[in-house]
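Just so it is clear: chains get the letters A, B, ... in the order the sequence lines come, proteins before strands, and each one is counted from 1.
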2 protein chains.
Amino acid sequence: MTNPDEFSLIAFIAAHCHTRDDVVLGIGDDAALLQPPAGQHLAVTTDTLNSGVHFPVATPAVDVGWKALAVNLSDLAAMGAEPAWCSLSLALPRADQRWLEGFCDGFFALARAHSVSLIGGDTTCGPLSICITICGHVPAGCALRRDQARAGDDIWVSGYPGEAAAALRLWQCGQLDISAIAANQQVEQLRQRLLRPQPRVELGQQLRKTGLSRAAVDISDGLLADVGHIAARSRLQARIYADALPLSHALECIVDKTTARHCALRGGDDYEIAFTAAADQRTAISALSSELALPLTRIGRMQPGLGVVCEGETALSGIPDGYRHFLPASYSAMNDE
Amino acid sequence: MTNPDEFSLIAFIAAHCHTRDDVVLGIGDDAALLQPPAGQHLAVTTDTLNSGVHFPVATPAVDVGWKALAVNLSDLAAMGAEPAWCSLSLALPRADQRWLEGFCDGFFALARAHSVSLIGGDTTCGPLSICITICGHVPAGCALRRDQARAGDDIWVSGYPGEAAAALRLWQCGQLDISAIAANQQVEQLRQRLLRPQPRVELGQQLRKTGLSRAAVDISDGLLADVGHIAARSRLQARIYADALPLSHALECIVDKTTARHCALRGGDDYEIAFTAAADQRTAISALSSELALPLTRIGRMQPGLGVVCEGETALSGIPDGYRHFLPASYSAMNDE
């Protein structure tokens, strides 16, 4: 297949699909037919990654495939939803068999891990872009929403935010080859965090099933920016304690403490979950952290007021507040080819 | 709003949305929450339009917005599904308020006409591209599929295929300004067919509800190519009678008869429906045609065998068979800026 057209590209992708029992009709008709489970709401989200904007142009295909699905799974995770089906729209500048094989390796490895069936989509000719819409299920009335935080709730975050932003910073400074394994173990950990985010699907579902959390958000746009969404939608103020931020050993080895905090607070591209929970749930949340082998750290508190306040942090110039498209300092200005 | 960022773009788009009762939570959280109706299958399809590939760069924004939704509605129509929700991923080279207003005018005019709620999506920075995923409902077991045709079925087509392809041909020859109303009434009719396709949603649902049709497909890739999908999936041969093709007065005024037939058979970008039905349904289908004020024309027959045979047509060079991405003669080679 040296010059595959659209139909053979679709056939190649379709050959990798596994099919869930609730897929009545998959790829190959005008639309897929799906059987939604009774008593559940459908959770639907869309995220697009454009080459040179959302990931460096030199990013390996396998990592592009993984990450494109991961950022969508992360949104479902933040709702406490169980992933089910996704569609994939892939724009490629040329029909490149080797690139597509790499992409499929990354994409379907993560899809299999979360029992997600690819049920449709299209391939088009254009600058490299991946648009995924993912559907999941959540029992009616049980989703983790942004508007359900209460005054007095603790604010928690999973994992170690800031690692992806630090990797991006190294790459921007010419100190990291995004396409190759780094010799330094800590640098490689940061690179992996940027290229292979682990969506916190199990955490989201456990928080929903146990009723431990009321409100959640994934912090893909940066911790402060995304906790700000919970504050705005819940009509409360979020107070974050900078001293409480979980900073990974790798992050602290590679950048100074002030930079590490800024990456953790404002970096973006972390696919961790920030959530709120009543103060009497601290023991239960610690137990959940152990069960999932995933750090869950209490980093603040919801209180009356508006916006986000960060205690104990000093400003650092040159790092934007969260990620904004259409503004300077996006990847688009940093094309690495 | 002279330099809107992603959040204000989303807010601008969201302000245009109307919301269906089955949208539990719309734009503004990590995912939308939707209430699927009991006893129905979900029909899901995705289509992407890239500027310069799927539409000429000079296409007015209002037409881009309309067409991006229309091509997706057309896929639901071909399944006999009732449209409900869609997500929109919009990549824009720059945040252009005027362009976005035009796009929203076209997009939401068609969304309102079909009671479709926009429930999410994203805006990103990149070459102009519109990816839409649309969800609809269809009673379990009742969808019009490509694999249900039977030997002896008539093949029917709605409307007047070929008009969009003829408009594209005029534009390719420099005889049509895609962005302006044409002085010639027939040329303007063709231009409208290219820019403002009318998805046959009502037809698809009536064919499904009445049980008149077994198999259907939308002919966006060209009549022969798409009827070929019914033949392949139903393991039959489709025999098309070129003399029976419905050619519009406008089409016959503008191009010679041989070209008109080629446009109708192979043109693509027609969002009409081809469907098969038992021969004893001819009277009922004629009645449906009158009821919908939409021409439905019998153009062929399903029979044992494989592939598609077209009777009474002579070959014409220079017009590709159906639309293929990644091949020459796509819009990408014909950028008009």
#### Entry: side chain to side chain contact (heavy atoms under 4.5 Å, CB included) between A:V53 and B:T124, worked out
CA-CA 8 Å; A:V53 180; B:T124 60; 5.5 Å; no

Only pairs of heavy atoms separated by less than 4.5 Å count here; which of [options] has the most with chain B?
{"options": "A:D47, A:D147, A:I230, A:L144", "answer": "A:D47"}
{"options": "A:T46, A:T45, A:L42", "answer": "A:L42"}
{"options": "A:V138, A:T133, A:L76", "answer": "A:T133"}

Contacting region of [X] [heavy-atom separation from chain A under 4.5 Å]:
{"X": "B:I132", "value": "neither"}
{"X": "B:L25", "value": "side chain"}
{"X": "B:A38", "value": "neither"}
{"X": "B:R146", "value": "both"}
{"X": "B:A81", "value": "neither"}

### Query
In Å and rounded to the nearest 0.5 Å, what is the CD to NE2 distance from B:Q35 to A:H41?
4.0 Å

### Query
Distance from A:T123 atom OG1 to A:I13 atom CD1, nearest 0.5 Å?
6.0 Å

### Task
Test A:T19 against A:D21 for side chain to side chain contact (heavy atoms under 4.5 Å, CB included), laying out the working first.
CA-CA 7 Å; A:T19 300; A:D21 291 342; over 6 Å; no

Quick one: of [options], who has the most non-hydrogen atom pairs under 4.5 Å with chain A?
{"options": "B:I119, B:V24, B:D22", "value": "B:V24"}
{"options": "B:C131, B:S129, B:C135, B:A77", "value": "B:C131"}
{"options": "B:N72, B:D29, B:V44", "value": "B:D29"}
{"options": "B:G39, B:G28, B:A143", "value": "B:G28"}

### Task
Run the salt-bridge test on B:D96 and B:R98 with the 4.0 Å N-O cut-off and return the result as yes or no.
no

### Query
Between B:D270 and B:R200, is the closest basic N to carboxylate O distance under 4.0 Å?
no

### Query
Does the side chain to side chain contact (heavy atoms under 4.5 Å, CB included) test come out yes or no for A:F55 and A:L128, once each step is laid out?
CA-CA 11 Å; A:F55 56 87; A:L128 179 58; 3.9 Å; yes

#### Entry: Note, B:S220 side chain near B:D269 side chain (heavy atom, < 4.5 Å)
no

### Message
Please evaluate residues A:D75 and A:L73 with respect to the criterion side chain to side chain contact (heavy atoms under 4.5 Å, CB included), reporting the C-alpha separation (whole Å), side-chain torsions for both, the decisive distance (0.1 Å), and the verdict.
### Response
CA-CA 5 Å; A:D75 282 323; A:L73 283 166; over 6 Å; no

### Residue A:I27 versus chain B: region with a heavy atom under 4.5 Å
backbone

